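Keep in mind it's a predicted model, so treat the numbers as computed, not measured.
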2 protein chains.
Amino acid sequence: MSEASVPTGDELLKILSALGNPHRLRIVAALTEGRNYVSALAREIGMGRPLLHMHLQRLEAAGLVTGSLELSESGKAMKYYELVDFSYTLTPGLVAALAPTLPRDAKPADPGDQAAERQHQTTVKESSG
Amino acid sequence: MSEASVPTGDELLKILSALGNPHRLRIVAALTEGRNYVSALAREIGMGRPLLHMHLQRLEAAGLVTGSLELSESGKAMKYYELVDFSYTLTPGLVAALAPTLPRDAKPADPGDQAAERQHQTTVKESSG
DNA sequence: GACACCTGTCAAAGCAAACTGACACATGTC
DNA sequence: GACATGTGTCAGTTTGCTTTGACAGGTGTC
């Protein structure tokens with residue numbers, strides 16, 4: 001099953017700008033092989049941990065990946081990221097339909113469109129002890 | 001009929017980064033109502049002509065819109081832009097398939113992947129005299 | 001010629017994103 | 001304790017996109 005194919009304009013924008021980056025595309029590609037934790041993923045792709053961390057946050061904020069902080073058998077905390085099985089069909093029609101729901105200019109005088117925040121879901125599991 | 005749904009990694013990146021901008025999404029949305037020329041479009045959307053010009057170039061480079069310099073009845077040169085009926089389905093699989101064809105780091109020492117340029121097609125028509 | 005409309009481009013400024021290095025913290029092993 | 005591995009975050013630089021204003025054409029009309 002895939003993600004909802006009809007997001008809001010704001011969400012679509014976040015998705016597109018999140019994927020509009022070579023590093024992030026590569027990260028998504030690497031995660032199709034399975035979930036992985038940050039440090040290992042950084043080595044695999046060949047980029048610094050702080051940088052990868054930022055990109056992963058961007059992808060998570062767009063709802064394209066999910067991170068879960070787990071405890072390894074040895075007791076070390078490791079943050080595993082995995083792909084969300086998304087599926088969005090880009091067409092002029094979709095853009096036209098969602099464009100009206102785009103934030104104008106972040107005008108401070110425009111209540112009612114707020115409270116649209118989305119909190120990062122970071123599950124915490126324990127795998128044995 | 002829609003555009004090819006399987007571009008190269010480089011093209012996908014251009015498409016995504018082109019659409020990952022609120023102004024450009026709005027431009028695409030405005031063009032779904034029909035073709036229009038730059039100055040009129042600038043007034044309709046409410047942005048400067050030079051700025052709109054740049055955004056249109058970005059969209060054209062990504063193959064999402066097409067521009068054609070035509071001559072109006074009065075003889076004035078007007079650049080009309082219209083939408084390309086694209087359709088791309090974003091999935092992890094697509095990204096994984098195209099990621100290997102992404103340009104590494106624009107390394108100068110890597111021939112063979114070049115000559116992949118794409119020239120902007122700018123038709124010139126004459127409507128009457 | 002002056003005006004209104006269209007086109008295109010350039011340089012400088014402004015701003016957001018990307019990137020790096022260093023720090024603080026925790027755990028298991030030698 | 002020293003070391004290697006994992007986590008997260010922060011400050012500062014660098015890079016690149018975005019934006020603006022000004023300029024240089026072109027045409028038709030008054």
### Query
Given atom CG of A:Leu13 and atom P of C:dA16, what is their separation to the nearest angstrom?
14 Å
## Note on the structure
OG1 (B:Thr66) and CG (B:Leu83) are apart, to the nearest 0.5 Å, by 8.0 Å
### Query
Are any of B:Ser39's side-chain N or O atoms less than 4.0 Å away from OP1 or OP2 of C:dT7?
yes
### Message
Checking contacts here: which listed nucleotide (D:dT18, C:dG8, D:dT20) is nearest the side-chain heavy atoms of B:Arg24?
### Response
D:dT18
### Message
Can you measure B:Met78 atom CE to D:dG25 atom C1' for me and round it to whole angstrom units?
### Response
16 Å
### Task
Among D:dT9, C:dC6, D:dA22, find the nucleotide with the atom closest to the side chain of A:His53.
D:dT9
### Message
Side-chain N or O of A:Tyr37 versus OP1/OP2 of D:dG6: is the shortest distance under 4.0 Å?
### Response
yes
### Query
OP1 or OP2 of C:dC19 sitting under 4.0 Å from any side-chain N/O of A:His23?
yes
### Summary
A:Leu41 atom CG is separated from D:dG6 atom P, nearest whole Å, by 12 Å
### Query
The side chain of A:Val38 lies closest to which of these nucleotides: D:dG8, D:dT19, C:dA17?
D:dG8
### Task
Using whole Å, report how far CG of B:Leu69 lies from P of D:dG25.
18 Å
### Message
Does C:dG8 have its OP1 or OP2 closer than 4.0 Å to a side-chain nitrogen or oxygen of B:Lys79?
### Response
yes
### Task
Would you please confirm or rule out a distance under 4.0 Å between OP1 or OP2 of C:dC5 and any side-chain N or O of B:Arg49?
no
### Query
Counting side-chain heavy atoms from C-beta on, which of C:dC6, D:dT19, D:dG21 comes nearest to B:Arg43?
C:dC6
### Message
If the cut-off is 4.0 Å, is B:His55 near the phosphate of D:dT19, judged by side-chain N/O to OP1 or OP2?
### Response
yes
### Message
Could you tell me how far apart A:Leu71 (CG) and C:dG28 (P) are, to the nearest whole angstrom?
### Response
10 Å
### Message
From CD of A:Glu73 over to C1' of C:dT27, roughly how many Å is that when rounded to an integer?
### Response
14 Å
#### Entry: Protein-nucleotide distance (A:Glu60, atom CD; D:dG8, atom C1'), rounded to Å
14 Å
### Query
Which part of the nucleic acid, if any, lies within reach of B:Met47 when heavy atoms closer than 4.0 Å are counted: base, sugar-phosphate only, or nothing?
nothing
### Phosphate OP1/OP2 of D:dT18: any B:Asn21 side-chain N/O under 4.0 Å
yes
### Message
Just so I know, are the side chains of A:Glu70 and A:Tyr37 near enough to count as touching, which here means a heavy-atom distance under 4.5 Å?
### Response
no
### Message
Just so I know, are the side chains of B:Lys14 and B:Pro7 near enough to count as touching, which here means a heavy-atom distance under 4.5 Å?
### Response
no
### Task
Could you check whether the rings of B:His55 and B:His23 sit parallel, tilted or perpendicular, using 30° and 60° as the cut-offs?
parallel
### Task
Determine, step by step, whether A:Leu16 and B:Leu90 satisfy the side-chain contact (heavy atoms from CB on, under 4.5 Å) criterion, reporting the C-alpha distance in whole Å, the side-chain angles of both residues, the deciding distance to 0.1 Å, and the verdict.
CA-CA 10 Å; A:Leu16 291 172; B:Leu90 290 181; 4.3 Å; yes
### Task
Let me know, please, whether A:Arg58 or A:Ser74 comes out on the 5' side of the other along DNA chain C by nearest nucleotide.
A:Arg58
### Query
From the list C:dC5, D:dT18, D:dT20, which nucleotide is the closest neighbour of the side chain of B:Lys76?
C:dC5
### Message
Measuring only between side-chain heavy atoms, which start at C-beta, is B:Thr91 closer than 4.5 Å to B:Thr89?
### Response
yes
### Nearest-angstrom distance from the residue atom CD of A:Glu44 to P of D:dG6
13 Å
